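In this text the structure is predicted, and so the values were computed from the model without any measurement. Every chain is numbered from 1 and lettered A, B, ... according to where its sequence line falls, protein lines coming before strand lines.
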4 protein chains.
Amino acid sequence: MAILQQRETKSEVMIAAVDLFYTKGYHATSIREISSKAGVNVATVSYYFAGKQGLLEECLLAFFEPYLDLLQKVADSSILKNDPTRSHMMEAAFSLIEFQQQNHRFARFAWREVTMDSQMVREMTSCYLRKEQYIWKLLLAQDIEKGISIKISPSFFLIQLTSMLSMPFLQSQTIQELWNINPSEKHFTREYSCILREWYLGVTCESAITLG
Amino acid sequence: MAILQQRETKSEVMIAAVDLFYTKGYHATSIREISSKAGVNVATVSYYFAGKQGLLEECLLAFFEPYLDLLQKVADSSILKNDPTRSHMMEAAFSLIEFQQQNHRFARFAWREVTMDSQMVREMTSCYLRKEQYIWKLLLAQDIEKGISIKISPSFFLIQLTSMLSMPFLQSQTIQELWNINPSEKHFTREYSCILREWYLGVTCESAITLG
Amino acid sequence: MAILQQRETKSEVMIAAVDLFYTKGYHATSIREISSKAGVNVATVSYYFAGKQGLLEECLLAFFEPYLDLLQKVADSSILKNDPTRSHMMEAAFSLIEFQQQNHRFARFAWREVTMDSQMVREMTSCYLRKEQYIWKLLLAQDIEKGISIKISPSFFLIQLTSMLSMPFLQSQTIQELWNINPSEKHFTREYSCILREWYLGVTCESAITLG
Amino acid sequence: MAILQQRETKSEVMIAAVDLFYTKGYHATSIREISSKAGVNVATVSYYFAGKQGLLEECLLAFFEPYLDLLQKVADSSILKNDPTRSHMMEAAFSLIEFQQQNHRFARFAWREVTMDSQMVREMTSCYLRKEQYIWKLLLAQDIEKGISIKISPSFFLIQLTSMLSMPFLQSQTIQELWNINPSEKHFTREYSCILREWYLGVTCESAITLG
DNA sequence: TATGAATGAGGCTTCATTCAT
DNA sequence: CATGAATGAAGCCTCATTCAT
């Protein structure tokens with residue numbers, strides 16, 4: 001139970017932190033705000049995360065790790081099943097949209113923070129984004145094997161895809177205000193998958209593949 | 001000459017500021033860093049911009065104002081010429097890419113800052129982004145009149161277009177590291193216009209229109 | 001004991017603050033001076049008092065609250081005893097002189113600060129001085145009931161009395177230099193009570209009342 | 001005319017300064033506020049007064065010099081006329097009240113500033129207040145010669161008198177709020193002279209002297 | 001495990017002043 | 001005479017952190 005309590009306190013701090021990072025950004029948020037929002041003492045934050053930077057790292061990991069795990073999982077099962085009638089690439093995309101919608105605060109904050117260039121961010125970029133790229137290339141290769149042909153160059157295709165995955169969360173305010181699409185609402189997943197699908201149909205040639 | 005000198009000092013401060021904001025973000029940058037980079041006294045910043053926030057505002061305006069002016073100018077001339085063989089929408093897009101490439105630091109910093117939700121940002125969003133949206137809708141309507149038909153819904157089309165305009169600058173590090181496309185280099189304009197064109201061809205039906 | 005330690009640090013800061021406020025005035029005193037005089041860190045001041053203004057407020061309260069409490073206490077006991085042979089009004093005056101002599105630094109600083117017109121001062125004035133006036137009027141009415149008759153109008157009487165209570169502390173330097181009466185010395189209480197008594201005898205008609 | 005213009009600018013600055021000193025005190029007032037209130041450039045203040053402290057000194061002199069001159073003038077004429085039916089002491093008091101009422105802002109600010117103990121204030125005190133004391137003693141001696149007898153000790157008498165002369169201006173807010181006597185209004189002179197007269201009658205024995 | 005006291009560093013701003021014009 | 005640019009110093013405050021408990 002002691003352990004549980006620790007877990008609880010710790011994750012409450014993280015939730016409060018992400019909430020504030022999401023709104024104001026990492027540097028504009030003080031650990032005093034975080035701790036008071038979480039209802040714990042200021043020292044507790046340093047105690048659990050060894051400083052503010054440690055908290056940031058854990059928060060970023062708490063987003064990127066499951067993000068990559070999910071992508072990996074979809075890729076693995078896709079290889080296992082090897083269903084020729086489905087674009088597992090699109091399936092991965094839909095999953096990631098759903099995951100991000102469920103953690104949209106994490107998503108916005110994480111993608112924004114990756115925009116800065118501190119040493120820590122560069123290290124994370126090197127580690128996670130490369131893995132992500134690797135998996136996408138794999139999935140793309142698989143789709144192509146299945147007979148899907150893309151009208152544009154594979155590089156451009158992947159750039160467009162990956163940026164479409166982060167964009168609505170990163171620029172959520174703009175998106176929401178101008179187009180009335182809100183990544184914080186549940187049905188966003190369905191709506192945005194629709195947009196993705198239309199884009200996909202636009203840039204690929206028709207084939208026997210169905211989009212889940 | 002006195003005025004000139006003032007202008008010089010002031011714009012040197014702005015240049016230094018944008019450089020640092022671009023790299024580390026607004027809140028992580030201290031005005032001491034800015035002033036020492038600009039080679040002026042700390043107090044000079046507050047003297048010219050009435051505080052750090054004032055500096056931020058002027059920097060944002062220094063990006064969004066010409067950005068919108070450019071878009072407006074292209075829209076105006078497009079209406080004047082009314083050349084049925086050209087997509088003035090794409091021409092606008094190319095111009096904005098070029099403008100942003102020439103001011104890529106401004107661009108990254110501005111789009112990132114728009115990601116935060118402070119009061120000031122919200123006011124700017126209301127003012128500038130709405131105007132931008134309005135012009136795009138106008139241009140789109142014109143293109144459609146000319147006989148271009150888009151395969152996806154107009155809303156989705158504009159969302160994709162506008163996010164493709166900011167994305168490479170906002171996520172420049174990721175883009176560069178993974179795909180070796182560098183928005184800070186001159187030839188990026190050409191390369192990225194290429195990507196845009198392919199996307200455009202993918203989501204529109206063939207027509208007599210040529211893309212400049 | 002932790003609480004004790006806190007109290008100690010906090011009150012050491014207050015003592016240092018009043019010492020400096022007394023000498024140079026609130027605005028001319030920096031919290032650096034205060035903290036260094038108190039032997040604590042600069043941040044400690046803001047930690048305990050939430051800023052310089054908070055320190056000022058607590059210092060003023062630390063004077064006006066006991067001041068009013070004392071007046072109230074004398075008034076209460078005066079009503080209880082209802083001794084027809086004593087002017088409880090004068091007794092209250094003597095008590096307040098003694099209290100102020102014991103805290104003459106507080107007194108000078110407080111009365112001087114009340115001289116400024118900031119919002120905070122106005123609020124304090126509204127709160128404390130009105131209560132004080134109310135009690136004086138009560139005491140005066142009681143004295144009159146006992147048969148004391150004042151030669152001058154009650155209003156003028158109270159104005160003279162109250163200003164004689166604060167004057168020697170507020171203008172202590174002048175008083176001391178010119179008349180060699182020093183509010184910081186213990187025997188001032190006796191001396192000044194003498195002055196008060198003479199004044200009182202001058203402006204009231206003789207009666208059976210003795211002045212304590 | 002050039003000289004006149006200088007005079008005008010200079011005195012406009014002084015008027016603005018006293019206005020602000022009166023309200024917020026010397027240290028809480030910045031020369032930027034003063035200069036902007038006076039409608040001149042910041043540098044002008046340092047130009048005319050050789051710094052902020054110089055401005056303070058001139059403002060204080062601008063009060064104490066005419067104050068003392070007035071007192072001296074009344075004393076001189078009193079000696080000349082030597083009218084046995086008038087208390088020239090009271091006449092001096094009435095004159096000083098009138099003078100202070102006409103310059104009530106100066107008065108409050110000056111008496112308050114004398115409350116601080118900086119080196120400059122001490123020097124001024126030494127110079128002016130001693131002269132004042134000297135004249136009062138002279139006038140008192142004259143009155144006594146005329147047959148007026150005071151019930152209280154001469155020292156106490158002078159202390160009471162001088163403090164009654166500054167008190168209403170120094171503690172004007174309190175006085176005004178509690179007793180509705182306003183030193184900034186013209187008729188205050190008459191009202192307060194009345195209070196003074198009653199006090200005087202209380203502490204002196206009846207005589208043939210009339211109070212103007 | 002969790003806290004409150006206390007701190008040193010640094011941040012932003014304001015101030016009074018100077019200097020060239 | 002009067003000004004605007006620019007500055008160094010200082011002011012207040014907030015921050016992240018540590019330490020004893």
Measuring from the side chain of C/K52 (C-beta onward, heavy atoms only), which nucleotide among F/dC13, F/dA16, E/dT17 has the closest atom?
F/dC13
Sorted by chain and number, sequence neighbours left out, ring-ring contact (aromatic ring centres under 6.0 Å, His included) with D/Y67 holds for D/F63, D/W111
Rounded off to whole Å, could you give me the CD1-to-P distance for the D/I31 and E/dT18 pair?
10 Å
Kindly determine whether C/T125 and C/F64 satisfy side-chain contact (heavy atoms from CB on, under 4.5 Å), including the steps that lead there.
CA-CA 10 Å; C/T125 296; C/F64 283 116; over 6 Å; no
Relative to the 5' end of DNA chain E, which residue comes earlier, C/T44 or B/A50, by the nucleotide with the nearest heavy atom?
C/T44
Give me the distances for all protein-to-nucleotides 8-10 of chain E N/O pairs that come in under 3.5 Å?
unit_1, atom_1, unit_2, atom_2, d
E/dG8, OP2, C/N41, ND2, 2.8
E/dG8, N7, C/N41, OD1, 3.2
E/dG8, N7, C/N41, ND2, 3.4

Residue met sooner reading DNA chain F from 5', once A/Y26 and C/G51 are mapped to nucleotides:
C/G51
Chi angles and distances behind the side-chain contact (heavy atoms from CB on, under 4.5 Å) call for A/D117, B/Y22:
CA-CA 9 Å; A/D117 78 7; B/Y22 156 81; 5.7 Å; no
Quickly work out the D/L55 CG to E/dT17 C1' distance and round it to whole Å.
14 Å
Backbone of C/Q173 reached by a side-chain donor or acceptor of C/R108 within 3.5 Å:
no
For D/A110 versus D/L60, what's the shortest heavy-atom pair and its separation?
CA-CD2, 3.8 Å
Send over the distance from C/H27 NE2 to E/dC15 P, rounded to a whole Å.
10 Å
What nucleic acid atoms does C/S35 come within less than 4.0 Å of, heavy atoms only: base, sugar-phosphate, or nothing?
nothing
What's the CG-C1' distance between D/L56 and E/dC15, to the nearest Å?
16 Å
Between A/V40 and D/E33, which has a closest nucleotide on DNA chain E that is more 5'?
A/V40
Range-with-range stems of DNA chain F (Watson-Crick or G-U pairs under 3.5 Å, three or more in a row)
E:2-21 with F:2-21
D/T23 side chain to D/D19 main-chain N or O, any donor-acceptor pair under 3.5 Å?
yes
Within this structure, what is the CD1-to-C1' distance between A/I34 and F/dC15, rounded to whole angstrom?
12 Å
Within the distance-only criterion (no hydrogens, no angle test), does the side chain of A/R105 pair as donor or acceptor with the backbone N or O of A/I15 below 3.5 angstrom?
no
Output, in order, the C-alpha distance, side-chain angles, deciding distance and verdict of side-chain contact (heavy atoms from CB on, under 4.5 Å) for A/K10 and A/E58.
CA-CA 11 Å; A/K10 194 174 173 181; A/E58 282 212 35; 3.5 Å; yes
Has D/S46 got a side-chain N or O lying under 4.0 Å from the OP1 or OP2 atom of E/dA16?
no
What's the closest nucleotide to the A/Y47 side chain, out of E/dT1, F/dT18, F/dA5?
E/dT1
Write down the distance between CD (B/Q53) and P (E/dT14), rounded to a whole number of angstrom.
13 Å
Which atom pair, heavy atoms only, marks the closest approach of A/S35 to A/V45?
CB-CG2, 4.0 Å
